[in-house]
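See structure below.
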Number of protein chains: 2
Amino acid sequence: MPCVNQERVDRVRRLMPDGDRLEETAGIFKVLGDVTRMKLLCALLEEELCVCDLAEFVEASPSAVSHQLRLLRAARLVRPRREGKMIYYRLDDDHVRRLLKEGLVHAAED
Amino acid sequence: MPCVNQERVDRVRRLMPDGDRLEETAGIFKVLGDVTRMKLLCALLEEELCVCDLAEFVEASPSAVSHQLRLLRAARLVRPRREGKMIYYRLDDDHVRRLLKEGLVHAAED
DNA sequence: TTTATATATGAATAATTGCTCAGATGATAA
DNA sequence: TTATCATCTGAGCAATTATTCATATATAAA
């Protein structure tokens, strides 16, 4: 590829975040990149909810929601709290809140 | 599902962003949720680059990169500028920058 | 005009993802 | 204990996505 400006490429390479961090970041965005999961998170933006509330809310089976919640937990976007038979979920921290709101704002810019 | 707290569900429903906005937001996050595309965007965080620079940078074929850029364009995350035979890409606006940085910061919180 | 270079696009394939279903776990109540 | 409810998990299937390859477009140079 003769058109490559190697100097530019090298410069950018030096300023790059490391691979693990990129993987992790892309992973978080990937988890956010699904309408059902976005709905779940937006619901939790308002208040703590149990799995069956969430299932009712997004009109999906508890099983489907549980699978989604597993991904959200793995990405540390939500945190569970058991209370008797039920498990209540909430957003993991304020940073998740900021990330969600940034996304929603960007979408509004049309 | 007898455990559903309908009152909570209804309250959350009323506060929800509308469907289109959720779709759009999830779509943006989905595009961000891929390591190759994240690399492309992080590179453009630093400076404007042409397709073949980007291809060299992520070690992928120009064709593969072009396909990814199409998605990034569609999501309004990058903007092309033709200069002769080459097309230079840059981040679309400062909001994209903020979104990327939020994501990277969240990933760093471990 | 013909030729070469940079990028874009369409179709096909391979890999990934989300859902359903069946069954497991954990907690409460009878 | 047994029964029941809420949730989780693994396997399998359907839908989606990323890549490759071949081809098309657009610009520039010969």
Counting side-chain heavy atoms from C-beta on, which of C:dA8, D:dT9, D:dT7 comes nearest to B:Arg73?
-> C:dA8
Atom-to-atom span, CG of B:Asn5 to P of D:dA6 - whole angstrom = 13 Å
Give the nucleotide from the list C:dA6, C:dA8, D:dT7 with an atom nearest to the side chain of B:Cys3.
-> D:dT7
Gap between atoms CE and C1', on B:Met86 and C:dT7 respectively (whole Å) = 11 Å
side-chain hydrogen bond (donor to acceptor under 3.5 Å, both in side chains) filter on B:Arg8, not counting sequence neighbours, yields A:Asp53
Nearest to the side chain of A:Leu69, which nucleotide is it out of D:dC8, D:dA6, C:dA8?
-> D:dC8
Would you indicate, yes or no, if D:dT7 has its OP1 or OP2 atom less than 4.0 angstrom from a side-chain nitrogen or oxygen of A:Tyr88?
-> no
Is there a donor-acceptor pair closer than 3.5 Å between any side-chain N or O of A:Asp10 and the backbone N or O of A:Arg13?
-> no
Round to the nearest Å and state the distance from A:Leu72 atom CG to D:dT9 atom P.
-> 13 Å
Write down the distance between CD1 (B:Ile87) and P (D:dT27), rounded to a whole number of angstrom.
-> 9 Å
Considering only the SG atoms, does A:Cys3 lie under 2.5 Å from B:Cys50?
-> no
Between A:Tyr89 and D:dC8, does any side-chain N or O lie under 4.0 Å from OP1 or OP2?
-> yes
For B:Ala107, does its backbone N or O pair with a side-chain atom of A:Arg21 as donor and acceptor, under 3.5 Å?
-> no
From CD of A:Glu56 across to C1' of D:dT7 the rounded distance in Å is 17 Å
Summarise protein proximity over nucleotides 17-30 of chain C in one line of letters, 5' to 3': B for base, S for sugar-phosphate only, - for none, counting protein heavy atoms closer than 4.0 Å.
-> SSSBBB----SS--
Flag, side chain of B:Arg97 to backbone of B:Leu45, donor-acceptor distance under 3.5 Å = yes
Output yes when A:Arg11 and A:Glu7 qualify as a salt bridge under the 4.0 Å nitrogen-oxygen rule, no when they do not.
-> yes
Would you say the side chain of A:Leu54 lies within less than 4.5 Å of the side chain of A:Leu44, judging by non-hydrogen atoms?
-> yes
Could you give the CG-to-C1' distance, from A:Leu40 to D:dT7, as a whole number of Å?
-> 15 Å
